[in-house]
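Below is one structure, written out as C-alpha cells, with a few remarks after it.
Just so we're on the same page: letters track the sequence lines, and every chain starts at 1.
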Amino acid sequence: MPELADVEEYRRVLDRCGRGHRVTRVEVTDAGVLRGGLRARRLRDALTGARIGRPERHGKWLVLHTGGPAVLLHFGMTGQLVSAPADERPAAHDRVLFTLDDGRQLRFRDQRKLKGLWLAPTPGEVDRLLADQGPDALSLTREQLDAALGGRPRQLKAALLDQSRIAGLGNLLTDEVLWHARLHPAHRTDRLDRAATGRISRSLKQVLRISVRAGRVPPRGSWLTGHRDEPGGTCPRCGHALAHGRIAGRGTVWCPRDQPAPAG
DNA sequence: CACAGTGTTATCTG
DNA sequence: TCAGATAACACTGT
C-alpha cells in the first residue's frame, strides 16, 4: 500500500494517537524490521519514557520525533502504522509495539519486512538518512518538476518513480498521474513539450490532493487504479481495453488510446 | 506449483 | 558513465 498518500495517513494516525503521549513500553516481536544496525534493546532504551512530538513525512518516510532521538519508518510494500488498544491481541505481522500512557498502542505492522525502523539519535542523523530524497511530491513546485524531468533522458515513468528526483510517488500514483495527463509511461523525458509538462503538473496536484484526502490511491470507478487488476479491464474514460506491460521494471497499466506510444 | 506484488538496492549488461 | 534489466529481500494471494 504505502505510497505518499498512505504514508500521509500513517502520519495522521501518529499525530492523532501518538502526539503528546509518553511511550511506556516498547516491544519488538520481530527484530527483522530493525535497520541500520539497530537492536531491540537500543530502541527500547531510546523510546521508553519519551514523549511523542509532531510527526513529519517526507516522500514515503515517516519521522517520529521525541525531542531527543527520532525513529524513521519506511513501510516498503506492505507496512502499516495502526493504533489499537494495548490489551488487544497483536495481529500476525505486528513487528514493533509502542505502548502509550493512555492504554493504546501504535503498531508497526508489516507482512514482507522489506523496510522497517531506523533510529536517529540526532537531527543531523535524520537529515543523513533522508539526504538522497528529492523534493516531496505534495509540495512540488513547477520549477522542481521541470528540474526532475530534466537532465539525462529517461523514460517518463522511471523519472517520476525516482525518489531522488521526486519523493513519494509509487507505482499506482505514477500510473494514475500519467493516465490523467494522457501521457504514455515510456515517453522520453527529453521529448516532453511545455504542454505535456503542464499536464503532468496539474495531474500530479489533482491526483495527490484526492489521494491524500482519502489516505490511499482511491479505487474510484472514474480513475485508472480501480481497473488495473480487472481481467479485460477497460479505460474508465474512453472504454478502450487497457494495456498491461512492464515499464521501468514495474507492472504498468495505461490506456493505449488516451496515452499513445511515443514515436520512435 | 508458478508467479506477481502499492519498494528499494546491489549488481550486471549493453 | 549511465539507463535499463535483474535478482534479492520475505511472504501472501491467485
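Pairing partner, B:dC12: C:dG4, with both Watson-Crick or wobble hydrogen-bond distances short of 3.5 Å. Under the Watson-Crick or G-U wobble criterion, with both distances below 3.5 Å, B:dT6 has no partner in any strand shown.
Between A:R165 atom CZ and B:dG7 atom P there is a gap of 18 Å when expressed in whole angstrom units. The distance from atom CD of A:Q80 to atom C1' of C:dT12 is 14 Å, rounded to the nearest whole Å. Between A:L173 atom CG and B:dG5 atom P the separation is 17 Å, expressed in whole Å. Counting to the nearest Å, the P atom of B:dT6 and the CG atom of A:L62 are 22 Å from each other. In this structure, A:L160 places its CG atom 13 Å from P of B:dG7, rounding to the nearest Å. To the nearest angstrom, C1' of C:dG4 lies 14 Å from NZ of A:K157. The CG-P distance, from A:L81 to B:dT6, rounds to 22 Å in whole Å. Taking atom CZ on A:R250 and atom P on B:dA4, their separation rounds to 13 Å, with Å as the unit.
One finds a side-chain N or O of A:H74 lying less than 4.0 angstrom from the OP1 or OP2 phosphate oxygen of B:dT8. The side chain of A:K60 contributes an N or O atom lying less than 4.0 Å from OP1 or OP2 of B:dT8. The shortest distance between the side-chain N/O atoms of A:R112 and the OP1/OP2 oxygens of C:dC9 is not below 4.0 Å. An OP1 or OP2 oxygen of C:dT12 is reached within less than 4.0 angstrom by a side-chain nitrogen or oxygen of A:H93.
Ring pair A:F75/A:F108: centre-to-centre distance below 6.0 Å.
In this pair, A:W223 and A:H180 present their aromatic rings perpendicular. The plane angle is above 60°, beyond the 30 to 60° band.
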Test log, rule side chain to side chain donor-acceptor pair (under 3.5 Å), inputs A:S83 and A:R104: CA-CA 7 Å; A:S83 171; A:R104 291 193 70 83; 3.0 Å; yes
Residue pair A:T78, A:R109: steps toward the side chain to side chain donor-acceptor pair (under 3.5 Å) verdict: CA-CA 8 Å; A:T78 52; A:R109 179 175 299 173; over 6 Å; no
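Across C:dC2, B:dT6, C:dG4, the shortest atom-to-atom separation from the side chain of A:R152 is found for C:dC2. Residue A:D6 has its side chain nearest to B:dT6 when only B:dT6, C:dT12, C:dG4 are considered. Taking the side chain of A:L114 as heavy atoms from C-beta on, and the options C:dC9, B:dT6, C:dC11, the nearest nucleotide is C:dC9.
When the C1' atom is used for both B:dT6 and C:dA3, the distance is 24 Å, rounded to whole Å. Taking the C1' atom of each, C:dT1 and B:dT8 are spaced 22 Å apart, rounded to whole Å.
At most 12 non-hydrogen atoms from other residues, nucleotides or ligands lie less than 6.0 angstrom from CZ of A:R41.
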